[in-house]
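Here's the structure we're looking at; comments come further down.
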Amino acid sequence: METYFSNSYKETVALGEKLGAALHGGRVIAFFGGLGVGKTAFVTGIAKGMGLTSAVSSPTFSIVQVYGKHEELCHFDMYRVDSWDALDSTGYFEYMDAGAVLCVEWSENIENALPDDAIRITITRGEQDDARRIDIEGLEERLS
């Protein structure tokens, strides 16, 4: 596990951008952390790092947002997903099979459906308002 610290939205996006540049299709990035800790900010950076120009927004109400001309990035919010049927209805498995990068917020709710090689990112608040601790597991290299 690698630990990073962010002191602003901009720093969180920048860290996500470094990860996005290193990703390939078929990877699942599982986010853990409370409301408002910066999960969507991190996904914004991932999209930038993947070269996508779409504006990233939280998929809270739609459950999934898809970005890229070829659906390269799928951003899920699993907060309200509470059964296998509900998970299946999101398109999660189809997007995974299609080789997209999946960023999954509230992964706690689908823990048993995460692949073994998922990159797990836990974001927690620091002592200052914008400070965050970001723990990343399952990444082969340190983000420099």
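All values derive from a computational prediction rather than experimental measurement. Position 1 is the first residue of the sequence, and the numbers go up from there.
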Can you tell me how far [atom2] of [Y] sits from [atom1] of [X], rounded to the nearest 0.5 angstrom?
{"X": "I121", "Y": "F31", "atom1": "CD1", "atom2": "CZ", "answer": "4.0 Å"}
{"X": "D85", "Y": "L87", "atom1": "CG", "atom2": "CG", "answer": "9.5 Å"}
{"X": "K39", "Y": "R132", "atom1": "NZ", "atom2": "CZ", "answer": "9.5 Å"}
{"X": "E137", "Y": "T3", "atom1": "CD", "atom2": "OG1", "answer": "9.0 Å"}
{"X": "I63", "Y": "E105", "atom1": "CD1", "atom2": "CD", "answer": "12.5 Å"}
{"X": "I123", "Y": "I134", "atom1": "CD1", "atom2": "CD1", "answer": "5.0 Å"}

Give the minimum heavy-atom separation between [X] and [Y], together with the two atoms involved.
{"X": "C74", "Y": "A100", "answer": "SG-CB, 3.9 Å"}
{"X": "M50", "Y": "G20", "answer": "CG-O, 3.5 Å"}
{"X": "I119", "Y": "G138", "answer": "CG1-O, 3.8 Å"}

Linking I/L/V/M/F/W/Y whenever any side-chain heavy atoms sit under 4.5 Å apart, do [X] and [Y] land together?
{"X": "V66", "Y": "I29", "value": "no"}
{"X": "V101", "Y": "V56", "value": "yes"}
{"X": "L15", "Y": "L52", "value": "yes"}
{"X": "L23", "Y": "I136", "value": "yes"}
{"X": "Y67", "Y": "L19", "value": "yes"}

Worked check of side-chain contact (heavy atoms from CB on, under 4.5 Å) between M78 and T90: CA-CA 9 Å; M78 299 298 186; T90 67; 4.1 Å; yes

If only atom types and distance count, is the side chain of [X] paired as donor or acceptor with the main-chain N or O of [Y] below 3.5 Å?
{"X": "E17", "Y": "V13", "value": "no"}
{"X": "Y92", "Y": "L102", "value": "no"}
{"X": "N109", "Y": "Y79", "value": "yes"}
{"X": "E71", "Y": "G68", "value": "no"}
{"X": "T12", "Y": "S8", "value": "yes"}
{"X": "R125", "Y": "R133", "value": "no"}

The single option from I110, V81, V64 passing side-chain contact (heavy atoms from CB on, under 4.5 Å) against V104: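 When I110, V81, V64 are each tested with V104, the side-chain contact (heavy atoms from CB on, under 4.5 Å) holds only for I110.
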
Any donor-acceptor N or O pair under 3.5 Å, side chains T122, D135: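 Looking only at side-chain atoms, D135 and T122 do not form any donor-acceptor pair under 3.5 Å.
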
F76 and Y95 aromatic ring geometry - parallel, tilted or perpendicular at 30°/60° bounds: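 Rings of Y95 and F76: perpendicular, over 60°.
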
Worked check of side-chain contact (heavy atoms from CB on, under 4.5 Å) between Y9 and D130: CA-CA 7 Å; Y9 171 88; D130 291 333; over 6 Å; no

D117 atom CG, neighbour heavy-atom count above 12 within 6.0 Å: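 Result for CG/D117: enclosed.
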
Residues E140, R27; criterion salt bridge (Lys or Arg N to Asp or Glu O under 4.0 Å); working and verdict: CA-CA 13 Å; E140 294 79 26; R27 289 308 302 257; 3.7 Å; yes

